[in-house]
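Here is the structure we will look at, set down as structure tokens.
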Amino acid sequence: MLEHALEQLGLTARETKLYQSLLKLGPASIRDIAEHAGINRGTTYESLKLLQAKGVVSYFPKGKRRFFTAENPEVLLSLAEEKRQKLDKTIDSLKSTIIPELIQQQPHFYHTDVRYYEGDDGIEWVLRDILNVVSKQDHKEYCVFSSKPIRPYLYRPFPNYTKQRVKLGINVKVIALGDGGEDAELSERKWIKTDGKIEASYIAIYPPKCAFISLASDNFPSAVVMESEDIAKAQKLIFDTLWKLL
């Protein structure tokens with residue numbers, strides 16, 4: 001946990017080890033620090049210079065040698081605060097300037113962006129994408145075609161999906177292929193009766209995207225996400241027409 005936290009502040013695993021050694025040793029020579037940390041002297045010296053530049057280590061001359069000492073660990077909090085301020089400025093720049101400028105560089109024509117996802121991690125990404133896209137729209141609603149065999153795999157990686165959807169105030173209309181399906185808040189459901197075996201399938205329409213989820217093999221879901229305003233509008237028209245007929 002310590003190494004991960006300090007890595008976020010820009011310290012390598014070796015630098016973290018040297019910093020910990022200095023905390024234990026107090027003011028120490030390069031030779032003593034290297035011996036305590038189990039790192040050769042040349043590498044230790046170069047790493048100490050980097051730590052000094054980052055403000056977590058300082059040194060003082062003693063005779064012809066340099067003695068290094070670790071700064072109070074509270075300096076790490078100051079370092080984190082500094083990085084947060086820089087990140088906040090970067091985020092503001094991305095929102096106000098950089099992203100709009102990059103969007104302007106894109107060719108002005110409609111295109112279809114197709115992406116593939118596999119396994120539980122992939123399905124979770126798709127479900128989170130649905131929430132992210134729809135939550136930013138004025139009319140927070142999306143449409144779904146869903147069959148019974150896909151349901152055990154759909155929310156397996158994201159069991160609190162429905163709770164998150166409701167929390168965001170997102171409505172969903174579902175046309176269920178075959179029986180089953182649970183009632184949930186902010187949802188409407190209609191059914192299409194079917195005969196015989198139904199394949200596992202799930203189609204989410206959330207313009208400008210459509211997600212198609214199925215089973216690539218037993219117990220292994222896969223998904224295709226298409227981003228196309230025209231395709232999404234056409235799928236939405238088909239859904240709305242069928243919804244009115246059921």
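All figures in this text were calculated on a predicted structure; none of them were measured in a lab.
- For the pair P221 and R156, the minimum side-chain heavy-atom distance is below 4.5 Å.
- Ring geometry for F145 versus F239: interplanar angle over 60°, hence perpendicular rather than tilted (30 to 60°).
- Taking 4.5 Å as the limit, every side-chain heavy atom of S228 sits out of range of all side-chain heavy atoms of D113.
- Residues L94 and P100 share a closest heavy-atom pair of O-CD, 3.6 Å.
- The ring pair (Phe, Tyr, Trp, His ring centres under 6.0 Å) pairs that include a residue from residues 198-221 number zero, where partners must be two or more places apart or lie in different chains.
- Contact of the Y153 side chain with the N219 side chain is registered, since non-hydrogen atoms from C-beta on lie closer than 4.5 Å.
- Side-chain atoms of K233 do not come within 3.5 Å of backbone N or O of P207 as any donor-acceptor pair.
- Between the side chain of R165 and the main chain of I170, a donor-acceptor pair closer than 3.5 Å is present.
- Annotation for K49: atom NZ counts as buried by contact number, over 12 foreign heavy atoms lying within 6.0 Å.
- Contact annotation: the side chain of K136 never approaches that of L168 to less than 4.5 Å [non-hydrogen atoms, C-beta and beyond].
- Distance check: L177 CG to T194 OG1 gives 7.0 Å after rounding to the nearest 0.5 Å.
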Going through the distances and angles, do E46 and L50 end up as a side chain to side chain contact (heavy atoms under 4.5 Å, CB included)?
CA-CA 7 Å; E46 293 302 321; L50 292 173; 5.8 Å; no
Would T12 and T16 count as a side chain to side chain contact (heavy atoms under 4.5 Å, CB included) if you check the C-alpha gap in whole Å, the side-chain angles of each, and the deciding distance to 0.1 Å?
CA-CA 6 Å; T12 65; T16 296; over 6 Å; no
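- There is a path of hydrophobic side-chain contacts, each under 4.5 Å, that joins V144 to L215.
- Between the side chain of S187 and the backbone N or O of A184, at least one donor-acceptor pair lies under 3.5 Å.
- Rounded to the nearest 0.5 Å, atoms CD (Q52) and CD (E71) are 9.5 Å apart.
- We find that K86 and D88 are not joined by a salt bridge, their nearest charged nitrogen and carboxylate oxygen being 4.0 Å or further apart.
- In the hydrophobic cluster analysis, where Ile, Leu, Val, Met, Phe, Trp and Tyr join through side-chain heavy atoms closer than 4.5 angstrom, V114 is grouped together with I203.
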Side chain to side chain contact (heavy atoms under 4.5 Å, CB included) between L127 and I123, intermediate numbers included
CA-CA 6 Å; L127 294 176; I123 301 307; 4.3 Å; yes
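- When all heavy atoms of A70 and Y19 are compared, the closest pair comes out as CB-CE1, 3.6 Å.
- The shortest distance between side-chain heavy atoms of M226 and K209 does not fall below 4.5 Å.
- Residues I205 and L237 do not share a hydrophobic cluster, clusters being chains of Ile/Leu/Val/Met/Phe/Trp/Tyr side chains in contact below 4.5 Å.
- K24 and H36 get closest at one heavy-atom pair: CD-CE1, 4.0 Å.
- When side chains are defined from C-beta on, V133 counts as touching Q137, because their heavy atoms get closer than 4.5 Å.
- A side-chain contact (heavy atoms from CB on, under 4.5 Å) with I33 is found for one member of V57, I39, L22 and no other, namely L22.
- Within the structure, the side-chain hydrogen bond (donor to acceptor under 3.5 Å, both in side chains) test picks out the following pairs touching residues 237-246 (sequence neighbours left out): K236-D240.
- Side-chain atoms of K17 come within 3.5 Å of backbone N or O of A37 as a donor-acceptor pair.
- Y142 and I238 are not part of a single hydrophobic cluster, where members link through side-chain heavy atoms under 4.5 Å apart.
- With rounding to the nearest 0.5 angstrom, the CG atom of L9 is 9.0 Å from the CG atom of L77.
- K83 and G10 make their closest contact through CE-N, 4.1 Å (heavy atoms, listed as atom of the first residue, atom of the second, distance).
- A salt bridge links E15 with K54: the distance from a Lys NZ or Arg NE/NH1/NH2 to an Asp or Glu carboxylate oxygen falls below 4.0 Å.
- At least one cation-pi condition fails for R66 and F60: the charged atom is not both under 6.0 angstrom from the six-membered ring centre and inside a 45 degree cone around its axis.
- In this structure, the side chain of N160 does not engage the main chain of K163 through any donor-acceptor pair within 3.5 Å.
- In this structure, CD1 in I213 is found 10.0 Å from OG in S201, a value given to the nearest 0.5 Å.
- For the residue pair R14 and S47, the shortest heavy atom distance occurs at CD-OG, 3.3 Å.
- Taken from CD1 in I192 to CG in L242, the straight-line distance is 4.5 Å, to the nearest 0.5 Å.
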Does the side-chain hydrogen bond (donor to acceptor under 3.5 Å, both in side chains) test come out yes or no for S147 and E199, once each step is laid out?
CA-CA 7 Å; S147 69; E199 298 299 331; over 6 Å; no
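- Closest non-hydrogen pair, V134 versus K140, comes out as O-CG, 3.6 Å.
- Note: Y45 and F68 have perpendicular aromatic rings, judged against thresholds of 30 and 60 degrees for the angle between ring planes.
- Judged purely by atom type and a 3.5 angstrom limit, S135 uses its side chain to pair as donor or acceptor with the backbone of N132.
- In this structure, Q164 and L131 have side chains that are in contact, with non-hydrogen atoms separated by less than 4.5 Å.
- Counting heavy atoms from C-beta outward, L186 and V172 have side chains that stay 4.5 Å or more apart.
- Between the OG1 atom in T97 and the CG atom in D92 there is a gap of 9.5 Å [rounded to 0.5 Å].
- Under a cut-off of 6.0 angstrom, the local environment of CD in E74 is sparse, with at most 12 non-hydrogen atoms contributed by other residues, nucleotides or ligands.
- The same ILVMFWY cluster, assembled from side-chain heavy atoms under 4.5 Å apart, contains both Y161 and Y117.
- Within the structure, side-chain hydrogen bond (donor to acceptor under 3.5 Å, both in side chains) contacts touching residues 26-35 (residues at least two apart or in different chains) are S29-D32.
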